[in-house]
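Heads up: the structure comes next, in structure tokens.
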Amino acid sequence: MIQEKTIYTRGGVITQRNPDLCAIRIRIPAGVLSIEKMRGIARIAKKYGSGEVHLTTRQTMEIPDVDATKLVAIARALEKNGTPLGAEHNEVVNIIACPGTAQCKFSNIETFDLARKIDALVFGREMPVRVRISVAGCPNACTSPVLNEIGIVGRIRPLRVEGMCTGCGTCAEYCKEKAIIIRNGISELIPEKCVQCGICILSCPFDLLKSEYRHYLVTVGGRRGRHPTPGRDLVTVETEEDVLKVVDKTVYWIFRKAWSGRHLADQLDEIGFEDFRKGIREEFSGET
């Protein structure tokens with residue numbers, strides 16, 4: 001139940017420049033809404049706001065210009081609409097995702113359902129720092145997972161069928177990383193250049209490139225803003241179930257170890273990221 005005495009502290013309530021007005025951020029995992037919920041948001045924005053909504057960079061919406069005395073009423077209306085208050089403070093905020101295999105031919109993993117599962121697992125948890133989580137279906141990384149506190153990327157390691165390659169060069173032509181060369185009439189992969197996007201597999205006209213290892217790469221400690229910092233590789237896992245377990249353990253580790261007032265990216269070494277990574281890899285991949 002939404003209590004008036006706590007509504008002002010909720011992360012989805014953002015005071016505007018005019019302190020008598022608030023922008024109300026909504027919880028929309030992966031930015032996916034039904035038409036019915038969109039109509040509901042429109043009615044709510046017209047009734048309680050200025051009749052406009054703002055689409056945010058985190059695939060959600062804000063209803064601006066809401067009278068601060070109407071916060072409980074709009075929060076209840078949004079809850080009833082199935083689009084409850086979102087998060088903005090030091091919390092796990094809206095989970096974002098690219099279209100994944102539902103829509104994108106380059107995607108290696110399903111993303112929308114995974115984002116919803118992550119949302120159900122950790123959204124809104126109070127944290128010492130703001131935690132952004134991004135899911136990308138492939139290394140094209142349209143949702144910039146490496147610039148989030150937790151990033152998830154779907155990848156494929158290619159494998160050539162021995163003795164069958166015709167040396168047509170199609171895979172080498174399509175590889176943006178120049179990770180494939182044609183030598184002595186057969187394709188040859190340069191592993192250190194390969195980003196495991198899987199485009200070479202899609203491009204092979206003879207279906208001679210296969211997926212050797214379809215997996216999820218999880219990164220930690222990315223940051224956007226005025227001083228962007230790429231996250232660090234944490235672990236690769238093969239199942240959605242393991243992704244959820246890793247995310248849950250990572251969020252708990254951040255909650256227990258991180259300090260408030262600083263970006264996670266600035267304190268990874270101080271809070272023992274290497275030890276955490278070692279433990280996660282031993283548990284989920286058998287690596288040390």
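Hydrogens, waters and symmetry mates are skipped; everything else that's a heavy atom, side chains included, is used. No experiment lies behind these values; they were computed from the predicted model shown.
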* To do: Might you work through the side-chain contact (heavy atoms from CB on, under 4.5 Å) test for Tyr48 and Ile63, ending with a clear yes or no?
  => CA-CA 8 Å; Tyr48 293 101; Ile63 300 175; 5.7 Å; no
* To do: Could you walk me through whether Arg125 and Glu91 pass salt bridge (charged side-chain N to carboxylate O under 4.0 Å, His left out), step by step?
  => CA-CA 5 Å; Arg125 286 192 192 177; Glu91 304 166 288; over 6 Å; no
* Stepwise side-chain contact (heavy atoms from CB on, under 4.5 Å) check, Val246 with Leu234 -> CA-CA 9 Å; Val246 169; Leu234 176 62; 3.7 Å; yes
* Stepwise side-chain contact (heavy atoms from CB on, under 4.5 Å) check, Leu33 with Ile41 -> CA-CA 10 Å; Leu33 279 173; Ile41 291 172; 3.8 Å; yes
* Take Val153 and Cys138 through the side-chain contact (heavy atoms from CB on, under 4.5 Å) test and state the conclusion after the steps. => CA-CA 6 Å; Val153 183; Cys138 75; 5.7 Å; no
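Note that CD1 of Ile186 and SG of Cys168 are 13.0 Å apart. Values are rounded to the nearest 0.5 Å. Put simply, CZ on Arg76 and CD1 on Ile44 are 13.5 Å apart, with the number rounded to the nearest 0.5 Å. Here CZ of Arg130 is found 13.0 Å from CZ of Arg223. Values are rounded to the nearest 0.5 Å. If you take CD1 on Ile182 and CD on Glu173, they are separated by 10.5 Å, rounding to the nearest 0.5 Å. Taken from CG in Leu55 to OG1 in Thr60, the straight-line distance is 9.0 Å, to the nearest 0.5 Å. Summarising the geometry, atom CD1 belonging to Ile96 is positioned 13.0 Å from atom CG belonging to Asp119; distances are rounded to the nearest 0.5 Å.
Asn18 places a side-chain N or O within donor-acceptor distance of the main-chain N or O of Asp20, the cut-off being under 3.5 Å. Of the possible donor and acceptor atoms, none in the side chain of Ser144 sits under 3.5 Å from a partner among the backbone N and O of Leu147. No side-chain donor-acceptor contact under 3.5 Å links Asn94 to the backbone of Arg27. Remark: the backbone N or O of Asp266 is paired with a side-chain donor or acceptor of Arg262 at under 3.5 angstrom. In this structure, Asn140 contributes its side chain and Phe106 its backbone to no donor-acceptor pair below 3.5 Å. Thr111 contributes a side-chain N or O that, together with a main-chain N or O of Cys98, makes up a donor-acceptor pair within less than 3.5 Å. Gln59 contributes no side-chain N or O that, together with a main-chain N or O of Pro29, makes up a donor-acceptor pair within less than 3.5 Å.
If you chain together hydrophobic residues whose side chains sit under 4.5 Å apart, Met127 and Leu121 fall into the same group. Side-chain heavy atoms closer than 4.5 Å link hydrophobic residues (I, L, V, M, F, W, Y) into clusters, and following such links, even through other members, never connects Val195 to Val146. No chain of hydrophobic side-chain contacts below 4.5 Å, direct or via other Ile, Leu, Val, Met, Phe, Trp or Tyr residues, connects Leu21 to Ile74. Linking Ile, Leu, Val, Met, Phe, Trp and Tyr whenever their side-chain heavy atoms come within less than 4.5 Å puts Ile150 and Leu268 in one cluster. Tracing side-chain contacts under 4.5 Å through hydrophobic residues (I, L, V, M, F, W, Y), one reaches Ile271 starting from Ile254; they form part of the same cluster.
Atom OH of Tyr174 sits in a sparse spot, with 12 or fewer heavy atoms from other residues, nucleotides or ligands closer than 6.0 Å. For Tyr213, the OH atom is densely surrounded, since the number of other residues' heavy atoms within 6.0 Å is greater than 12. Atom CZ of Phe273 sits in a crowded spot, with more than 12 heavy atoms from other residues, nucleotides or ligands closer than 6.0 Å. Counting non-hydrogen atoms of other residues, nucleotides and ligands closer than 6.0 Å to CD of Glu52 gives a total of 12 or fewer. No more than 12 heavy atoms of other residues, nucleotides or ligands shown are found within 6.0 angstrom of CD on Glu126.
The two atoms that bring Ile152 and Pro145 nearest to each other are N-CB, 3.9 Å, heavy atoms only. Across all their heavy atoms, Gly154 and Asn108 have their closest contact at O-ND2, 3.1 Å. A pairwise comparison of heavy atoms in Thr101 and Glu110 identifies OG1-CA, 3.4 Å as the closest pair. The shortest non-hydrogen separation linking Gly137 to Ser107 is CA-OG, 3.3 Å. Contact record, Val13 with His89: O-NE2, 4.3 Å, taken as the closest heavy-atom pair. Of all heavy-atom pairs spanning Ile28 and Met61, the tightest one is CD1-N, 3.9 Å.
Salt bridge annotation for Lys245-Glu241: present, with a cationic side-chain nitrogen under 4.0 angstrom from a carboxylate oxygen. Under the 4.0 Å criterion applied to side-chain N and carboxylate O atoms, Asp269 and Arg232 are assigned as salt-bridge partners. A salt bridge links Arg25 and Glu88; the closest N-O separation between the charged side-chain nitrogens and carboxylate oxygens is under 4.0 Å. For Lys257 and Glu270, the salt-bridge test fails: no basic side-chain N is under 4.0 Å from an acidic carboxylate O.
When each of Glu238, Arg157, Arg155 is checked for a side-chain hydrogen bond (donor to acceptor under 3.5 Å, both in side chains) with His215, only Arg155 meets the rule.
You'll find the side chain of Arg116 reaches within 4.5 Å of the side chain of Val32, heavy atoms only. Taking the side chain as every heavy atom from C-beta outward, Arg281 and Val235 approach each other to under 4.5 Å. Looking only at side-chain heavy atoms (C-beta outward), Phe112 and Lys117 stay at 4.5 Å or farther from each other. Proximity of Leu71 to Cys22: side-chain heavy atoms (C-beta onward) are separated by under 4.5 Å at one or more points. Two residues are said to be in side-chain contact when any heavy atoms from C-beta on lie closer than 4.5 Å; Ser260 and Val129 fail this criterion. In this structure, the side chains of Leu209 and Leu202 stay at 4.5 Å or more apart for every pair of heavy atoms. Ile109 places a side-chain heavy atom less than 4.5 Å from the side chain of Val135. Between Val218 and Thr236 there is no side-chain heavy-atom pair separated by less than 4.5 Å.
No hydrogens or angles considered: a donor-acceptor pair under 3.5 Å links the side chains of Gln16 and Asp65. Judged by distance alone, the side chains of Ser134 and Thr143 do bring a donor and an acceptor atom under 3.5 Å apart. If you check the side chains of Arg58 and Asn148, you find a donor sitting under 3.5 Å from an acceptor.
Think of Ile190 as one node in a network of Ile, Leu, Val, Met, Phe, Trp and Tyr side chains linked at under 4.5 Å; its network also takes in Ile181.
Among residues two or more places apart in sequence or in another chain, the ring-ring contact (aromatic ring centres under 6.0 Å, His included) test is passed with His263 by none.
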